[in-house]
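Numbering of residues begins at 1 and proceeds along the displayed sequence.
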Amino acid sequence: KWPREHQCDDGHYVRSLSEMIIDNYLYHKGLVHAYEKSVFMNSNPDAVVLSDFYLPQGDVYIEFWGLEDDEKYQKRKEQKIKLYDENKINRIDLTEKDIKRLNDIMPKLLAKFNINVK
C-alpha cells in the first residue's frame, strides 16, 4: 500500500520518515537489524506478520505504530500485539511521539533485552 521510498544510511528503503529515523538510529548505533522480517507465530502458523524491524541480538522485534487515527490499522495493531504476546515474542513498541525522543528512550528499551548501545 505504501511504497518504500525513503533510503536510509545503511541502504535500506523504508516506507516512512519515522521508520527511516529508527533504521538510521539502529545503524549508527552498530545494531544489526532487518527491515520487514516475517515473524513465525506458533499459535497461528498461517498468520502473516511482518515486523517493522528485527534485532538478532536480543531476538527482539520493533514495531512502529504510526497511524493512530486509522480504525483498520488499529484493529490490525491489536491483532499483531495479541499474536506477539501469545507467542511470548520480544517486542518494543514505538509511536510517533517516541521518534522525537529516540536517543533518550531506545537505550532503556533495548537494555531490557540486554542490548547495550554506544
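Between the side chain of Asn90 and the backbone N or O of Gly58 there is at least one donor-acceptor pair closer than 3.5 Å. Here the side chain of Asn87 pairs a donor or acceptor atom with the backbone of Asn42 at under 3.5 angstrom. At distances below 3.5 Å, at least one donor-acceptor pair connects side-chain atoms of Tyr73 with backbone N or O atoms of Gly66.
In this structure, Lys72 and Arg76 have side chains that are not in contact, with every pair of non-hydrogen atoms separated by 4.5 Å or more. In this structure, Met106 and Val117 have side chains that are not in contact, with every pair of non-hydrogen atoms separated by 4.5 Å or more. Contact check for Leu110 versus Ile92: side-chain heavy atoms found under the 4.5 Å cut-off.
The hydrophobic cluster analysis finds Val32 isolated: no Ile, Leu, Val, Met, Phe, Trp or Tyr side chain comes under 4.5 Å of it, directly or through other members. As a member of the Ile/Leu/Val/Met/Phe/Trp/Tyr network built from side-chain separations under 4.5 Å, Leu50 groups with nothing else and remains a singleton. Grouping Ile, Leu, Val, Met, Phe, Trp and Tyr residues whose side-chain heavy atoms lie under 4.5 Å apart, directly or via other members, leaves Tyr13 alone, with no other cluster members.
Salt-bridge annotation for Arg91 and Asp85: present, with a side-chain N of the basic residue lying under 4.0 Å from a carboxylate O of the acidic one. Looking at Arg15 and Glu5, no side-chain N of the basic residue comes within less than 4.0 Å of a carboxylate O on the acidic one, giving no salt bridge.
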Dump the intermediate steps for side chain to side chain contact (heavy atoms under 4.5 Å, CB included) on Met41 and Val39, then the final yes or no. CA-CA 6 Å; Met41 300 292 179; Val39 186; 3.5 Å; yes
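Ile81 and Val60 end up in different hydrophobic clusters when Ile, Leu, Val, Met, Phe, Trp and Tyr side chains are linked at under 4.5 Å. Connection of Leu102 to Ile115 is established within a shared hydrophobic cluster, with ILVMFWY side chains joined at heavy-atom distances below 4.5 Å, either directly or through further cluster members. Cluster membership for Ile89 and Phe64, using ILVMFWY side-chain heavy atoms within less than 4.5 angstrom, is not shared. Cluster membership check: Phe113 shares its hydrophobic cluster with Ile105, using side-chain heavy-atom separations under 4.5 Å among Ile, Leu, Val, Met, Phe, Trp and Tyr. In the hydrophobic clustering of ILVMFWY residues, with side-chain heavy atoms under 4.5 Å counting as a link, Val49 and Val14 come out apart.
To the nearest 0.5 Å, atoms CG (Asp52) and CD1 (Ile22) are separated by 7.0 Å. Atoms CE and CD1, from Met20 and Ile99 in turn, are 11.0 Å apart once rounded to the nearest 0.5 Å. Leu109 contributes atom CG, which lies 5.5 Å from atom NZ of Lys112 (distance to the nearest 0.5 angstrom). Annotation: the span from Trp65 atom CH2 to Glu63 atom CD amounts to 4.0 Å, rounded to 0.5 Å. For the atom pair CG of Leu26 and CG of Asp10, the computed distance is 8.5 Å after rounding to the nearest 0.5 Å. Glu78 contributes atom CD, which lies 10.5 Å from atom NZ of Lys82 (distance to the nearest 0.5 angstrom).
For the residue pair Gln7 and Gly11, the shortest heavy atom distance occurs at NE2-CA, 4.0 Å.
In this view, Asp98 and Thr95 satisfy the side-chain hydrogen bond (donor to acceptor under 3.5 Å, both in side chains) rule, not counting sequence neighbours. Remark: His33 engages His12 in a ring pair (Phe, Tyr, Trp, His ring centres under 6.0 Å) (not counting sequence neighbours). For Lys77, the side-chain hydrogen bond (donor to acceptor under 3.5 Å, both in side chains) test picks out no residue, with sequence neighbours left out.
At a cut-off of 3.5 Å, with distance as the only test, a side-chain donor of Glu96 or Ser18 sits close to an acceptor on the other residue. For Tyr54 and Glu36, the side-chain atoms include no donor-acceptor pair closer than 3.5 Å.
Tyr35 and Phe53 have tilted rings, their planes meeting at an angle from 30° to 60° on a 0 to 90° scale.
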